[in-house]
Structure formats: structure tokens, C-alpha cells
Amino acid sequence: MEETKALIQQRRDKLHEIREFGVEPYPHKYEPTHTTSVVHRDFAETQETPDETQRIRLAGRIMTKRDHGKSSFAHLQDSEGRIQIYVRRDKVGAEPYLIYRRFDVGDIIGVEGVVFRTRTGELTVLVDAVQLLSKSLRPLPEKWHGLQDKQTRYRQRYADLIMNPEVKNVFIKRTQIVQAIRDMLNAQNFIEVETPVLQPIYGGASARPFTTYHHTLAQSLYLRIANELYLKRLIVGGFDRVYEFSRDFRNEGMDRDHNPEFTMLELYQAYADYRQIMALTETLIANTVARIHGTTKIPYQEHEIDFTPPWRRLTMIESIREHSENLDPGALSADALYSEAVNAGVALAGDESKGEIIAELFDAFVEPKLIQPTFITDYPIEVSPFAKKKPDNPAFVERFEFFISGMEVGNAFSELNDPVDQRQRFIEQANRLENGDEEAFMLDEDYLRALEYGMPPTGGLGIGIDRLTMLLTNQYSIRDVILFPQMRPES
RNA sequence: GAGCCGUUAGCUCAGCAGGUAGAGCAUCUGACUUUUAAUCAGGUGGUCACAGGUUCGAUCCCUGUACGGCUCACCA
């Protein structure tokens with residue numbers, strides 16, 4: 001149906017006419033000598049008269065076209081930018097010009113010629129040979145307003161990228177962010193590894209998994225919700241510093257900072273504790289910001305975020321004291337804390353432990369207010385089954401998360417390496433799993449076996465790469481930093 | 001999962017106490033060899049998301065569905 005629509009049919013007709021001239025509309029290759037940005041740089045001094053000895057070949061997509069009888073102006077867009085071309089019948093010849101007249105906005109062409117400046121001052125390629133490289137059959141969005149509709153932008157990211165150069169910049173920056181982190185970690189002798197995405201037992205985070213099935217093995221497998229337990233197996237095996245940019249999958253809701261699949265950097269460093277990881281974290285991120293922006297103070301939405309170390313750090317208890325109205329979880333019994341929390345409007349089921357209530361209070365009162373980079377330390381043990389207890393207070397663990405603009409961006413702890421303690425924590429989780437908590441952990445005997453061989457004291461860190469990219473590119477939604485965000489099927 | 005808002009031409013958007021729709025750009029025809037949101041003249045293009053209901057009559061009012069956006073919930 002759609003294929004017969006008038007605009008597409010017109011282009012099919014032109015395609016046919018072009019073939020009748022003996023021209024192949026989809027040739028196999030073209031060899032440009034320049035890109036648009038190189039032309040703009042190398043010919044910056046060029047005036048109205050072209051230097052006939054400096055011939056160039058450019059390839060790109062026609063983005064505008066203004067026909068004037070026996071001549072025509074157009075703009076060509078390549079991966080780096082745009083440049084105007086000027087096609088004249090007396091330069092390219094009568095028949096090639098007839099063929100050119102059948103080119104449309106959206107077509108990909110190659111041009112050859114010299115560079116000059118028009119009387120309005122625009123650097124322009126005076127074309128004496130033009131070749132179709134790919135005929136476009138589908139009209140692009142309008143040249144002035146571009147493509148606005150979010151649904152179309154997400155579903156047809158290719159069209160979004162053609163029409164909105166700032167979108168492309170976001171994704172280039174995303175790659176640069178990952179590259180910057182990778183470079184710094186490599187320079188510190190971290191080893192980048194790859195661990196299973198398909199896992200027989202999921203773990204390392206609290207989340208519902210995606211489940212799939214392996215026919216030959218006749219068993220269920222899970223898409224990883226984290227790669228934590230595999231990286232720590234590698235620490236056991238003697239890799240003292242490992243990391244992985246891990247695509248993780250969580251079968252949960254979608255909103256401005258959650259996508260069902262997302263990217264997490266996890267790293268583990270043997271012989272370090274969470275304090276060292278804290279120092280590593282702020283350095284890593286501040287240096288990344290500086291490398292991308294040339295400064296450590298950048299705007300995000302309505303705020304200016306200052307990434308300059310050291311970041312503020314306070315314990316979870318302190319943060320609740322600071323941001324709630326006189327709630328001091330440290331001084332209250334579990335029952336008293338429960339009443340206070342309910343009075344303060346926190347939704348609780350009633351069966352929460354004290355530590356879980358503390359975590360809920362933090363989520364309700366503190367998290368949204370943490371705009372500047374802030375480390376929150378010392379989490380309740382109940383919500384931290386892989387973290388080592390505080391030596392002086394076994395109700396809490398050596399753990400921190402860091403928050404920016406009200407978003408949790410990273411999570412770290414001194415890794416629990418006592419296999420007996422770890423088994424006990426697994427058993428508590430297994431009970432919750434039996435009671436229907438789909439997000440509780442499965443008991444992972446193989447992981448416990450690894451710990452029984454002995455894992456050195458280790459610090460571990462996870463950083464949400466999508467959220468970090470949102471912050472460093474000033475994007476409001478995670479969908480704007482994921483090339484192909486999850487969408488419901490069209491109709 | 002809930003609430004609110006949206007869905008009109010290829011794109012960006014108007015519109016209507018309820019009387020079967022408009023603009024700009026794109027597209028088509030013609031003119032035009034330094035234009036640039038080119039210009040000038042004349043055309044084409046719509047199941048007004050989908051399905052019901054109310055009505056003499058529905059793009060408009062009502063209900064449902066689909067998809068999307070925002071907020072909330074879930075998600076450490």
C-alpha cells in the first residue's frame with residue numbers, strides 16, 4: 001500500500017528514467033578525495049575564482065536542491081557536515097544534467113570539481129562531474145523544521161540522524177565517553193574482559209530477569225541483570241584488575257532513566273576497599289568530563305554540575321538526618337522508625353526490616369535532592385548482600401552509591417569475600433525468593449565454590465553508562481542516549 | 001499498572017457550537033546560469049490513528065482499542 005503512494009511512485013519513476021539513460025543508480029563504490037569538513041578547512045581562504053589545479057571529489061546526501069533552469073544549487077551532507085555544490089549544464093554536459101534533474105533531496109551522489117566562493121560568500125563546489133551513488137525512494141522530512149515527532153525519531157533513528165545533526169553528536173560523545181574511561185582503566189592496568197550474557201543463574205543485582213530457553217541444553221537461561229559475579233570469579237582466578245562494559249537486561253518498567261537493556265561499566269580491583277574505589281570513581285568521572293568538555297563544570301538541565309573532586313560524601317543515616325524533618329534512623333528502634341516513616345508519608349508494606357526502612361527513607365527524602373555529585377556511604381546490610389560488613393557496625397556495610405542530578409549513577413562496595421558469610425546472605429535471599437520476591441537472588445553454588453578457593457579483598461564499582469552519558473550530553477531522557485530504545489511494535 | 005495530554009497531507013502545524021478540511025515546506029508542470037527557507041505562475045496530494053455509540057449529519061461529542069509523550073507507581 002505504502003509503496004504505491006504518490007511521492008514514492010514519483011521517485012520510482014525517476015529511478016526508471018535514470019536507468020533508461022544507461023546509468024546504474026546503485027553503483028558499487030566511489031572514491032572521495034575529501035570530506036566536507038576538510039574542504040571547509042583547506043579552502044577557507046578561497047575566493048570567487050577557483051584554483052583549477054585543486055580538484056576534489058566528495059560524496060554525500062543531497063539535503064537541499066534549488067534548480068535554476070540550466071544550473072542548480074544543492075547542499076551535500078556527509079558524515080562531517082554540509083557543503084554547497086553548484087551544478088551547471090555547461091560544466092557537466094547536457095545529458096548528465098538531464099540525469100541530475102532527476103535527482104531528489106535524499107539521494108546520495110558523488111561530485112567532482114573545484115572549489116570557489118559564491119558572491120554571497122558561501123564556499124561551494126563547482127561541479128563538472130556528478131554521479132548517482134544511491135537513489136532515495138522515500139522523501140525526507142521537511143528541511144526547515146526537520147523531524148520533530150519523538151515516536152518517529154526513536155523508531156526511525158536513521159531518519160533522525162540524517163535530519164538532526166545534534167543527535168549524532170550525542171552518540172559520538174557517548175562513544176568518546178566510553179573510550180575515555182577505557183583509556184584510563186587500561187592505563188591503570190585494568191584488563192577488559194567479556195563474560196556471559198546468557199546465564200543459568202542470574203545475580204549481582206535485584207531485578208526481574210528476561211528468561212529464555214536453550215533447546216539443546218533443555219534448560220532455562222537468563223539474560224544477565226549484572227555481570228558482577230563473573231567478574232569476581234575472575235578476581236578469584238588471579239585477574240587483579242578487570243572491567244567490562246556490560247549490556248545488562250532487566251525486565252522492569254521503562255521511564256526517563258530506565259531502558260530494559262542498558263550499559264553498565266563494572267570494574268573490580270583486588271586489594272582495594274570501597275574508599276579507594278571512591279577515589280578512583282571521582283577521578284575517573286572528573287577526568288572523563290574534562291576530556292569531553294575541557295572543564296569539570298557543565299550544565300545539566302536547569303543546574304550546573306560541578307564534577308571537580310573531591311565530591312561530597314556522607315553516610316546514608318547522615319543524609320536522612322539532613323534531608324528529612326528530624327528523622328534520626330540511628331537513634332530509633334525498628335518499630336519507632338516504622339511509625340515515623342509512615343507518618344512522613346513513606347509507603348511501607350509493614351514487614352520491612354529496619355535497614356529496608358532506612359533505604360526507603362533515603363529513596364523518598366534524599367535521592368531526589370542530590371544534585372551535585374555526592375557519595376552516600378554505609379548502606380544497611382539487608383539491601384547489600386554482596387558487600388562486606390563495617391568492622392565496627394555489622395548492621396551496615398562498606399558500600400557507596402553516587403548520585404548526580406537526583407539520579408543514581410553508580411554503586412560500589414568492599415566485596416564480601418567471606419564464603420561462609422556469603423552463603424548465609426544467599427540463604428536469606430533464597431527465603432525471599434520462595435516467598436515470591438522475584439527480585440531476590442538465586443543461590444549460586446558455583447560462585448560460593450569460587451569464594452571458597454579464596455578471593456582477595458576486593459573493591460568493586462558499577463557505573464551506569466547511559467545515565468552518565470545523559471549527564472555529559474545534557475539529555476533529559478535515556479532514550480536520547482540509546483540509539484535504538486525499546487519501543488512497542490508499530491501497529 | 002494509574003492519571004493527564006496527544007495522534008489531521010511525505011514533514012511541521014492550523015482548524016471546526018457538529019455541516020466530509022487548510023497553510024508553509026516537499027512533490028508535479030512551466031520559466032529561470034551565483035541561489036541559499038531561491039523566486040514567479042499553475043496543479044496534485046487526506047479512511048482527520050482504529051472500532052463502536054449519539055446525531056438528519058461526527059475530524060470535532062461519548063466509549064473502547066492501539067501507539068506516543070509527561071507524571072506517578074514499580075525498579076536499590
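Within every chain, numbering begins at 1; the chains are lettered A, B, ... in the order of the sequence lines, protein sequences first and strands thereafter.
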Strictly distance-based, threshold 3.5 Å: is any side-chain N or O of [X] a donor or acceptor partner for the main-chain N or O of [Y]?
X: A:Asp273; Y: A:Gly459; value: no
X: A:Gln486; Y: A:Pro260; value: no
X: A:Ser246; Y: A:Glu244; value: no

(message) Any salt bridge linking A:Asp466 with A:Arg174? Criterion: basic side-chain nitrogen under 4.0 Å from a carboxylate oxygen.
(response) yes

(request) Give a yes or no on whether a salt bridge exists between A:Glu20 and A:Arg102, defined as a side-chain N under 4.0 angstrom from a carboxylate O. (result) no

Roughly how many Å is it from [atom1] in [X] to [atom2] in [N], rounded to a whole number?
X: A:Arg12; N: B:G10; atom1: CZ; atom2: P; result: 17 Å
X: A:Glu360; N: B:A73; atom1: CD; atom2: P; result: 11 Å
X: A:Lys150; N: B:C11; atom1: NZ; atom2: P; result: 18 Å
X: A:Lys70; N: B:G30; atom1: NZ; atom2: C1'; result: 13 Å
X: A:Arg102; N: B:C28; atom1: CZ; atom2: C1'; result: 13 Å
X: A:Asn259; N: B:C75; atom1: CG; atom2: P; result: 18 Å
X: A:Asp107; N: B:A26; atom1: CG; atom2: P; result: 16 Å

[atom1] spacing across the pair [N] / [M], given as an integer number of angstrom:
N: B:U29; M: B:U63; atom1: P; answer: 48 Å
N: B:U8; M: B:C13; atom1: C1'; answer: 9 Å
N: B:C75; M: B:G6; atom1: C1'; answer: 27 Å
N: B:G30; M: B:A66; atom1: C1'; answer: 45 Å
N: B:G10; M: B:U27; atom1: C1'; answer: 9 Å
N: B:G15; M: B:G19; atom1: C1'; answer: 15 Å
N: B:C11; M: B:G46; atom1: C1'; answer: 15 Å
N: B:U54; M: B:C61; atom1: C1'; answer: 8 Å

Proximal nucleotide (of [options]) relative to the [X] side chain:
X: A:Glu401; options: B:U12, B:A76, B:G10; result: B:A76
X: A:Thr124; options: B:U35, B:U27, B:G10; result: B:U35
X: A:His68; options: B:U27, B:U71, B:C32; result: B:C32
X: A:Glu408; options: B:U35, B:A76, B:G68; result: B:A76
X: A:Gln151; options: B:U12, B:C67, B:U33; result: B:C67

Under 4.0 Å between a side-chain N or O of [X] and OP1 or OP2 of [N]?
X: A:Lys14; N: B:C28; result: yes
X: A:Arg66; N: B:U35; result: no
X: A:Lys143; N: B:A26; result: yes
X: A:Arg155; N: B:G68; result: yes
X: A:Arg488; N: B:C67; result: yes

(message) Taking the cut-offs as 6.0 angstrom to the six-membered ring centre and 45 degrees off its axis, would you call A:Arg399 and A:Tyr274 a cation-pi pair?
(response) no

(message) Centre-to-centre under 6.0 Å for A:Phe386 and A:Phe426, is that the case here?
(response) yes

For [X], report the nucleic acid contact type (base, sugar-phosphate, nothing); a contact means any heavy atom under 4.0 Å.
X: A:Phe362; answer: nothing
X: A:Glu122; answer: base
X: A:Asp363; answer: sugar-phosphate
X: A:Glu252; answer: sugar-phosphate
X: A:Arg479; answer: sugar-phosphate
X: A:Met487; answer: sugar-phosphate

(message) For a quick test of reading the model, state the closest non-hydrogen atom pair linking A:Phe402 to A:Leu461 and the distance between them.
(response)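 Closest heavy-atom pair between A:Phe402 and A:Leu461: CE2-CD1, 4.4 Å.
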
(request) Check if the side chain of A:Asp255 and the base of B:C74 share a donor-acceptor pair of N or O atoms closer than 3.5 Å. (result)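 Per atom types, the contact qualifies.
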
(message) Counting distance alone, no hydrogens or angles: does the base of B:U35 have a donor or acceptor under 3.5 Å from a partner atom on the side chain of A:Gln84?
(response)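 Indeed, a donor on one side and an acceptor on the other fall under 3.5 Å apart.
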
(message) Please give the stem ranges for RNA chain B, sorted by first residue number, where a stem is three or more consecutive Watson-Crick or G-U pairs and both donor-acceptor distances are under 3.5 Å.
(response)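 Ordered by first number, the stems with RNA chain B (at least 3 consecutive pairs each) read B:1-7 with B:66-72, B:10-13 with B:22-25, B:27-31 with B:39-43, B:49-53 with B:61-65.
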
(request) With syn defined as a glycosidic angle within 90° of 0 and anti as everything else, classify B:U44. (result) anti

(message) Check the orientation of A:Phe73 and A:His68. Use parallel for under 30°, tilted for 30 to 60°, and perpendicular for over 60°.
(response)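 Ring orientation, 0 to 90° scale: perpendicular.
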
(request) Find which nucleotide of RNA chain B each of A:His75 and A:Asp104 is nearest to by heavy atoms, and output the residue with the more 5' nucleotide. (result)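 It is A:Asp104, whose closest nucleotide lies nearer the 5' terminus.
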
